[in-house]
Amino acid sequence: MKAWLTLALLAALAGCVGHGHQSVLREAEKNPAAEGGGGVSSALALELVRRAKVEGYQDVPEFHVAQRTTAMEKFPCMKCHTKPLAQLQREQQGKKAAHWEVKLEHATPEVMDCATCHLEADLDSLATLKKAKVHMDHAYQVCAQCHQQEAKDWAGGAHGKRLGGWAPPRVVSSCVACHNPHKPKLEQRLPVMAGRSAGR
Ligand code: HEC
Ligand code: HEC
Ligand code: HEC
Ligand code: HEC
């Protein structure tokens, strides 16, 4: 891999990491006395991350994923999705689309639409390709169907980000903490060095 690309990836990762950390700390500020408190900085912050036990990796020691739903503005989806989708869509006609900001730029439209990942019969949940229910906090299970290698690396600790220190429990960011599921490609930011090495 080219050096600048490595740097760009590191920069992207650092951006992500910073972001994740902030929300952890914000959570800690909101609720300083939760779960017994005590401990030092990152250990304390980690105490306060709401987490879910990762399922489906029997050959990897137990680890957890930071929950997503606690901070998701649109969740529970059932705030609005109390009627069948077709009815909601009819009622919304002529108005601005409810999810106008969600534009799929992922796999091609022949391969993927909303129902590839969302369970239309119960929008609070995600779905596997075979329409089995997946909790929104376990989105990695949906991603892993098509991105097996990344998911395997993630479970092993080689892809992604660990939160807090190295003492157990191991808590990691979910795929969607870094990749927008609707537009997963990370913006590649050119590091300052790239301009210089390009001959100026
Ligand atoms: C503020 C109300 C509201 C919330 C909260 C909400 N939705 Fe919707 N959603 C709608 C409406 C209204 C429609 C009908 C589509 C339209 O705008 O024409 C819709 C449509 C959809 C569709 C069909 C695609 C489309 O654009 O028509 C999907 C998929 C969907 N919502 C997923 C979700 C998920 C997943 C959540 C929770 C994470 C959620 N929605 C939360 C109001 C909402
Ligand atoms: C590749 C899988 C995938 C596809 C395809 C997909 N989603 Fe999502 N969507 C997710 C996941 C995973 C989340 C939870 C994200 C998180 O944890 O932040 C989510 C979150 C949402 C949310 C709540 C968060 C937000 O951004 O407002 C809405 C609304 C939503 N999806 C609507 C849709 C609609 C509408 C479509 C089709 C146009 C769609 N999704 C297609 C995986 C997908
Ligand atoms: C149904 C299969 C499928 C599912 C489910 C799926 N993806 Fe993808 N994903 C693809 C395909 C196809 C591509 C584009 C082909 C490629 O470049 O490898 C892609 C591309 C990507 C990329 C690379 C984007 C780029 O161009 O650099 C990322 C990152 C990604 N997906 C993350 C996710 C995450 C996170 C989830 C879970 C929320 C997910 N995917 C779920 C099929 C899927
Ligand atoms: C802490 C942030 C982080 C987490 C968590 C994370 N990724 Fe990534 N991922 C990255 C970065 C950084 C890259 C490299 C940038 C790029 O290629 O676009 C990347 C690249 C990818 C790619 C593109 C690989 C390629 O060769 O182009 C896929 C697909 C992907 N990740 C899927 C996943 C899946 C699936 C998960 C969860 C099981 C996940 N990622 C978790 C940061 C993350």
Side-chain angles (χ1 to χ4, degrees), residues 1-2 5-21 23 54 56-57 60 63 65-66 68-69 71-132 134-163 171-189:
M1 197 190 299
K2 289 214 179 75
L5 183 57
T6 311
L7 283 171
L9 300 190
L10 283 175
L13 194 58
C16 252
V17 168
H19 188 78
H21 226 85
S23 54
V54 171
Y57 296 89
V60 176
F63 69 113
V65 69
R68 303 279 310 160
T69 45
M72 205 183 288
E73 199 186 308
K74 295 252 162 66
F75 193 86
C77 314
M78 288 302 161
K79 280 188 289 194
C80 302
H81 286 278
T82 46
K83 305 173 193 169
L85 199 48
Q87 192 182 335
L88 276 182
Q89 280 163 338
R90 238 178 290 123
E91 289 172 6
Q92 195 75 7
Q93 251 167 35
K95 299 185 216 154
K96 190 175 188 179
H99 304 301
W100 58 272
E101 75 285 17
V102 177
K103 292 199 176 60
L104 268 189
E105 289 177 44
H106 193 159
T108 56
E110 295 78 49
V111 176
M112 187 181 274
D113 60 19
C114 313
T116 305
C117 305
H118 291 284
L119 192 60
E120 287 204 343
D122 173 10
L123 280 169
D124 280 346
S125 299
L126 298 169
T128 64
L129 295 170
K130 288 184 154 181
K131 306 293 163 217
V134 174
H135 192 283
M136 196 69 87
D137 284 326
H138 294 279
Y140 60 87
Q141 291 176 359
V142 172
C143 316
Q145 300 174 102
C146 302
H147 301 292
Q148 280 184 39
Q149 189 55 52
E150 283 80 9
K152 208 164 158 251
D153 292 347
W154 170 81
H159 186 122
K161 161 72 179 142
R162 184 176 178 138
L163 302 169
V171 183
V172 302
S173 300
S174 187
C175 317
V176 283
C178 299
H179 303 288
N180 180 339
H182 308 133
K183 190 177 186 271
K185 191 183 172 77
L186 297 174
E187 305 299 330
Q188 289 200 349
R189 283 185 287 156

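As the structure lists them, so they are numbered: ligands from 1, and atoms in each ligand from 1.
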Please tell me if atom 8 (Fe) of ligand 3 is touched by the protein, where touching means a protein heavy-atom distance below 4.0 Å.
yes

Give a yes/no verdict on whether any heavy atom in A144 is under 4.0 Å from an atom of ligand 4.
no

What I want to know is whether H99 and ligand 1 share at least one N or O pair that is separated by under 3.5 angstrom.
yes

For atom 35 (C) of ligand 3, which candidate among A139, C143, S174, P181 holds the nearest heavy atom?
C143

Can you tell me if P184 has a non-hydrogen atom under 4.0 Å from ligand 4?
no

For the backbone of L88 and the side chain of E91, can you confirm whether one donor and one acceptor N or O come within less than 3.5 Å of each other?
no

Quick check against the 3.5 Å criterion: does K131 have a side-chain atom that pairs as donor or acceptor with the backbone of T128?
no

Donor-acceptor pair, side chain of Q92 and main chain of K96, under 3.5 angstrom
yes

For A97, the atoms of ligand 1 under 4.0 Å from one of its heavy atoms are 17 (O)

Test item, A151 contacting ligand 4 (heavy atom, 4.0 angstrom):
yes

Which is closest to atom 33 (C) of ligand 3 in terms of heavy atoms, Q141, H147, M112, H182?
H147

Geometry only, no angles: is Q89 polar-contacting ligand 1 at N/O separations under 3.5 Å?
yes

Just how far is it from atom CG of N180 to atom SG of C175, taken to the nearest 0.5 Å?
12.5 Å

By number and element, which atoms of ligand 1 are closer than 4.0 Å to a non-hydrogen atom of L85?
20 (C), 21 (C), 22 (C), 23 (C)

Closest heavy-atom pair and its distance - Y140, V54:
OH-CA, 3.3 Å

Do any nitrogen or oxygen atoms of K96 lie less than 3.5 angstrom from nitrogen or oxygen atoms of ligand 1?
no

Taking the side chain as everything from C-beta on, heavy atoms only, tell me whether C77 gets closer than 4.5 Å to M136.
yes

For F75, is at least one N or O under 3.5 Å away from an N or O on ligand 1?
no

Looking at ligand 3, does V142 have a heavy atom less than 4.0 Å from it?
yes

What atoms of ligand 1 come closer than 4.0 angstrom to any heavy atom of K74?
5 (C), 37 (C), 38 (C), 41 (C)

Please name the pair of heavy atoms, one in W154 and one in V65, separated by the smallest distance, quoted to 0.1 Å.
CZ2-CG2, 4.2 Å

Where ligand 1 meets C114 - atom numbers and elements under 4.0 angstrom, heavy-atom basis
29 (C)

I'd like the name of whichever of A127, A177, C146 reaches closest to atom 43 (C) of ligand 3 through any heavy atom.
C146

So the atoms of ligand 4 within less than 4.0 Å of a heavy atom of G160 turn out to be 1 (C), 3 (C), 4 (C), 5 (C)

State the atoms of ligand 1, each with its element, that fall below the 4.0 Å cut-off from a heavy-atom position in A98.
9 (N), 10 (C), 11 (C), 12 (C), 13 (C), 16 (C), 17 (O), 42 (C)

If I apply the N/O under 3.5 Å rule, does H159 come out as touching ligand 4?
yes

Identity and distance of the protein heavy atom lying nearest atom 36 (C) of ligand 1
C77 SG, 2.7 Å

Under 3.5 Å, N or O to N or O, is H179 touching ligand 4 that way?
yes

Give a yes or no on whether atom 16 (C) of ligand 3 lies under 4.0 Å from any heavy atom of the protein.
no

For atom 3 (C) of ligand 1, what is the closest protein heavy atom, and at what distance to 0.1 Å?
C80 SG, 2.7 Å

Please report whether atom 26 (O) of ligand 1 has a protein non-hydrogen atom at a separation of less than 4.0 Å.
no

Expected output: side-chain H106 to main-chain P184 donor-acceptor under 3.5 Å:
no

Is a side-chain N or O of Q145 found less than 3.5 angstrom from the main chain of L129, in a donor-acceptor match?
yes

Quick test: of every protein heavy atom, which one is nearest to atom 19 (C) of ligand 1, and how far off is it to 0.1 Å?
H81 CE1, 3.3 Å

Using side-chain heavy atoms (C-beta onward) and a distance below 4.5 Å, is H135 in contact with T69?
yes

Which segment of C175 sits under 4.0 Å of ligand 4 when only heavy atoms are counted
both

Any chance you could measure S173, atom OG, to L163, atom CG, to the nearest 0.5 Å?
4.0 Å

Per-atom filter on ligand 4: closer than 4.0 angstrom to a heavy atom of K161 are 1 (C)

What is the closest protein heavy atom to atom 11 (C) of ligand 3, and at what distance does it sit?
A107 CB, 3.8 Å

Residue selection (non-hydrogen contact nearest atom 14 (C) of ligand 3) among K185, E150, H106:
H106

Between M78 and D122, is there a side-chain heavy-atom distance shorter than 4.5 Å?
yes

